[in-house]
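Predicted model, so just to flag it, every value in this text is computed and none were measured.
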Amino acid sequence: MKNGGQPFMRHDLGELLLKLRQYAKAEKILTQALEHDPSNDLAVMVDDVKLLILLAKVQEKNGKLENGLLALTKARDMQARVLKRVQVEQPDSLPTHKAQASSICAQIGKHHSDQREYDKAIKLYKEALVYTDSDGKAMLEVARLYLLQDDMDACQHQLVQLLQSETENDAATVMMADLMFRKGEYDQATFHFQQLLERSPDHYEAMEKLVDLLRRAGKLEDVPRYLEMAESSSAKATVEPGYNYCKALYEWHTGKPNDALKHFNMARKDSDWGQKAIQNMIEICINPDNNTLGGETFETMADDMSSAAEKADSEQMAARTADKLVRELKPQPGSDKHVMLENYVLMATKSKTNIEKALSSFMEMATSERENIGALLGVATAYMMMKQTPRARNQLKRIVRMNWVAPDAEEYEKSWLLLADVYIQSGKYDMATELLKKCLQHNKSCCKAYEYMGFIMEKEQSYKDASTNYEHAWKFSNKSSPTIGYKLAFNYMKARRYVDAIDICHLVLADNPNYPRMRKDILDKARNSLRA
C-alpha cells in the first residue's frame, strides 16, 4: 500500500474507513490513489472513476459538499471518455458502463436538487436517462422536480411515460394521483389511489391521501372498505402506525374527535407517522368540535346551550394537553407548522397576553413571506379573538384574492369560513354565500359551510332551504353534533315537517338526554302540531 499498491485495495480500504466514519483518513487514502500522471489506459480510467465516486461520498459525509460535487463532475467527464473507448474495445461491457454513467449523473442531480437548484437537477437526471432510458428512479425524480416547480404538464408527461413501462410502480401511481389532486381532478386522483390500494391494501401513504380525496368528494362512507381491506391483508394491521393514522383521520372527519385522538396516539411514537399524528392531536385539542376559530356567528348559540363554566374548564384542560404535545414536535426544515401550532395553543388559553404574543409571531411570519397563507389566517384569527374585526377582515380579503393551491387547501377553507362568518355578522349574506359555495366546491363534506348556509336561509325565513342545508351538515357531521341536530329539527318544524322533526329529536336525545330546550322548544311543539 505504501509503495502505491493496487487501486482496488485503496478503494476497499477507503470503503472500510467510510463505514468506520474515519472520513479524513478515507479522503487521504483516496486522494493519494488518484495522484498519478494522466493516463489513457482504459483500466486505469475505470479505476479512477470508482475512486472519484467513493471520494465524493466520503467528502459529502464529511460536510464537504462542494468538494464532493467536484469529484463527481470529474468522474462524469472521465466516464464519458471511458464510454467512447469501451464502445470500440469492449462492446460487451457497454451496458455496465452506461449504468455507471447514469448513476453518476443521478448523484450530481440529487446534489443540485438538495440545493434547490431544480433546473440543473432536471438537466442531470435527463442526462442519466440518455444512458439508461428505462431508469424508473431517474424518471420519477424528473417528475418530482417538475412537480416542485409547479410544471404540471411536464410532470404528467414524465409519469405517463414511466407508468407505460412500469404499470405497477407504486411511487409513480402516488405521484400521479397527487398531481391530479393538485389539478383539481379529484375523480382521476381517486381512481389512481383506489387502483394502488386494490393491489397493495397496506399502502398507508396512498390511503391517507385517499381519505382526504373521498372527504373532498363527499364520499367518506367509502373509507371503511379500504380500512377493512387492510385488516384482511394482515393480522397486524390494527397495530400498524399507518393504519391507525388513517383510521384516526376518518374518525376525525366523521365527527368523532375522541376516537381520532385514541388512534392518532397509537401512531404518535412512530418515526414516519408520529409528527403528523401529534400535529393533528394538537389541532383536535384546540378545536374538538371543528368550530370556526375566531368566528362569532354560532358563539352565543353555543353559550346558551351549554354551561359556560363547564365549557371554559374543558377548553383550559385541552389547551394544557395541547401545550404538552407541542413540546413533542420537532421543527422540520423549510416548514413553520410547529411555530403556527405553538401560536394556536397560546390563543387557545384565551389569555389577552398570549393572544398578543401569538399575533406578534404570526405578523413576523407574514412579513418575511408575504404569501404565507397560514400566517395571514393566524393574524386574522388573533384579531378576531381581540374583537378587532376590520383588521381581521383586511387580512382575510388578501387570502381570498390569492389563487387556491392544493397544499394549502385547509388554510383556504378556514379563511373563507372565517370571512363568511364576518360577513354574516354584518348582514352581507350574498357575499358570505359566495365564499361558502367556494368551500363546498373544494370540499363537498364541509359540514361548517352547510351549517352557515342553513343559518343564512333560516335568517331569511326560507325554512325549506335551511332544512336542506342542515340535512347535509347533519349527514357530514355523522349525525353526531347535537347543535346541528337541534337546528335541523327546528327548521323541519318551521317547514311543517313535524314527523321528521320528532325523529331528529329522538336521535339527538338518545345520545344527549339532557340537551337543553330540545323537548320544550321542538319535541313537544311538533307533537302538539301533529295532534292539531
Leu435 and Val400: CA distance, side-chain angles, deciding distance, side-chain contact (heavy atoms from CB on, under 4.5 Å) verdict: CA-CA 9 Å; Leu435 288 166; Val400 169; 3.9 Å; yes
Intermediate values then yes/no, side-chain hydrogen bond (donor to acceptor under 3.5 Å, both in side chains), Gln107 and Ser103: CA-CA 6 Å; Gln107 287 176 60; Ser103 170; 3.2 Å; yes
Residues Asp323, Arg327; criterion salt bridge (Lys or Arg N to Asp or Glu O under 4.0 Å); working and verdict: CA-CA 7 Å; Asp323 187 51; Arg327 297 172 204 277; 2.7 Å; yes
Check against side-chain contact (heavy atoms from CB on, under 4.5 Å), Glu60 and Leu65: CA-CA 5 Å; Glu60 197 177 310; Leu65 297 183; 3.6 Å; yes
Residues Gln158, Leu129; criterion side-chain contact (heavy atoms from CB on, under 4.5 Å); working and verdict: CA-CA 12 Å; Gln158 198 69 37; Leu129 287 165; 4.0 Å; yes
Full working for side-chain hydrogen bond (donor to acceptor under 3.5 Å, both in side chains) between Gln156 and Lys183: CA-CA 11 Å; Gln156 189 167 347; Lys183 291 174 86 171; 2.6 Å; yes
Worked verdict on Tyr131 versus Leu83 for side-chain contact (heavy atoms from CB on, under 4.5 Å): CA-CA 10 Å; Tyr131 298 118; Leu83 279 171; 3.5 Å; yes
Residues Glu141, Arg144; criterion salt bridge (Lys or Arg N to Asp or Glu O under 4.0 Å); working and verdict: CA-CA 5 Å; Glu141 207 49 43; Arg144 187 185 71 84; 2.6 Å; yes
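Within a 6.0 Å sphere centred on NZ of Lys57, other residues, nucleotides and ligands contribute 12 heavy atoms or fewer. No more than 12 heavy-atom neighbours from other residues, nucleotides or ligands sit within 6.0 angstrom of NE2 on His157. In this structure, Asn403 places its CG atom where only 12 or fewer heavy-atom neighbours from other residues, nucleotides or ligands lie under 6.0 Å away. The local environment of CD in Glu434 is sparse, with at most 12 non-hydrogen atoms from other residues, nucleotides or ligands closer than 6.0 Å.
With a 4.5 Å cut-off on side-chain heavy atoms, Lys123 and His112 do not count as touching. Looking at heavy atoms from C-beta onward, Arg370 lies in side-chain contact with Arg398 at the 4.5 angstrom threshold. Contact annotation: the side chain of Met139 never approaches that of Glu166 to less than 4.5 Å [non-hydrogen atoms, C-beta and beyond]. Looking at Leu376 and Asn372, their side chains never come closer than 4.5 Å, going by heavy atoms from C-beta outward. The shortest distance between side-chain heavy atoms of Lys74 and Val49 does not fall below 4.5 Å. His338 has its side chain out of reach of Gln275: every pair of non-hydrogen atoms, C-beta onward, lies at least 4.5 Å apart. By the 4.5 Å heavy-atom criterion applied to side chains, Asn290 and Cys447 are not counted as neighbours. The side-chain heavy atoms of Asp150 and Met152, taken from C-beta on, include a pair separated by under 4.5 Å.
Distance check, rounded to the nearest 0.5 Å: OH of Tyr412 to CD1 of Ile399 gives 8.0 Å. Rounding to the nearest 0.5 angstrom, the gap separating the CD atom in Gln195 from the OG1 atom in Thr167 is 9.0 Å. One distance of note links CG of Leu220 with CG of Leu213; it measures 11.0 Å at 0.5 Å rounding. Between the CG atom in Asn287 and the CG atom in Leu293 there is a gap of 4.5 Å [rounded to 0.5 Å]. Rounding to the nearest 0.5 angstrom, the gap separating the CG atom in Leu42 from the OG atom in Ser93 is 7.5 Å. The NZ atom of Lys209 sits 4.0 Å away from the CG atom of Asp178 when rounded to the nearest 0.5 Å.
With salt bridges taken as basic N to acidic carboxylate O contacts below 4.0 Å, one links Arg199 and Asp170. Salt bridge status for Glu198 with Arg225: present, with a side-chain N to carboxylate O gap under 4.0 Å. Of the charged side-chain nitrogens involved, at least one lies within less than 4.0 Å of a carboxylate oxygen, so that Asp114 and Lys110 count as a salt-bridged pair. The pair Glu410-Arg215 meets the salt-bridge criterion, with a side-chain N (NZ, NE, NH1 or NH2) lying under 4.0 Å from an Asp/Glu carboxylate O. Checked for salt-bridge contact, Lys262 and Glu251 miss the test: no charged N lies under 4.0 Å from a carboxylate O.
With Glu127 as the fixed residue, the salt bridge (Lys or Arg N to Asp or Glu O under 4.0 Å) test singles out one of Arg76, Lys120, Lys98: Arg76. Just one of Glu413, Lys448, Lys438 meets the side chain to side chain contact (heavy atoms under 4.5 Å, CB included) condition when paired with Asn443; it is Glu413.
Summarising the geometry of Ala237 relative to Glu231, their closest heavy-atom pair is CB-CA, 3.8 Å, with the distance given to 0.1 Å. Summarising the geometry of Leu196 relative to Ala206, their closest heavy-atom pair is CD2-CB, 3.7 Å, with the distance given to 0.1 Å. The minimum heavy-atom distance linking Arg216 with Ala409 is given by the pair NH2-CB, 3.4 Å. Closest heavy-atom contact between Met229 and Pro201: O-CB, 3.7 Å. Residues Glu27 and Val58 share a closest heavy-atom pair of N-CG1, 4.0 Å. Minimum interatomic distance between Ala56 and Leu72 (heavy atoms only, all atoms of both residues): CB-CG, 3.5 Å.
Between the side chains of Tyr226 and Gln194, at least one donor N or O sits under 3.5 Å from an acceptor N or O. With hydrogens and angles left out, the side-chain atoms of Ser234 and Asp202 include no donor and acceptor closer than 3.5 Å. Looking at Asn265 and Arg268, their side chains do bring a donor and an acceptor atom within 3.5 Å of each other. No side-chain N or O of Ser165 forms a donor-acceptor pair with one of Gln161 less than 3.5 Å apart. Side-chain contact annotation: Asn67 with Asn62, donor-acceptor N/O pair under 3.5 Å absent. Residues Glu283 and Tyr344 bring no donor and acceptor atom of their side chains to less than 3.5 Å of each other.
Below 30°, between 30° and 60°, or above 60°: for Trp273 and Tyr245 the angle between ring planes is between 30° and 60°, a tilted geometry. Ring geometry, Trp416 versus His442: the interplanar angle falls from 30° to 60°, so the pair is classed tilted.
Counting only distance, with no hydrogens or angles, the side chain of Arg85 and the backbone of Asn40 share a donor-acceptor pair below 3.5 Å. Judged by distance alone, the side chain of Ser232 and the main-chain N or O of Glu228 form a donor-acceptor pair under 3.5 Å.
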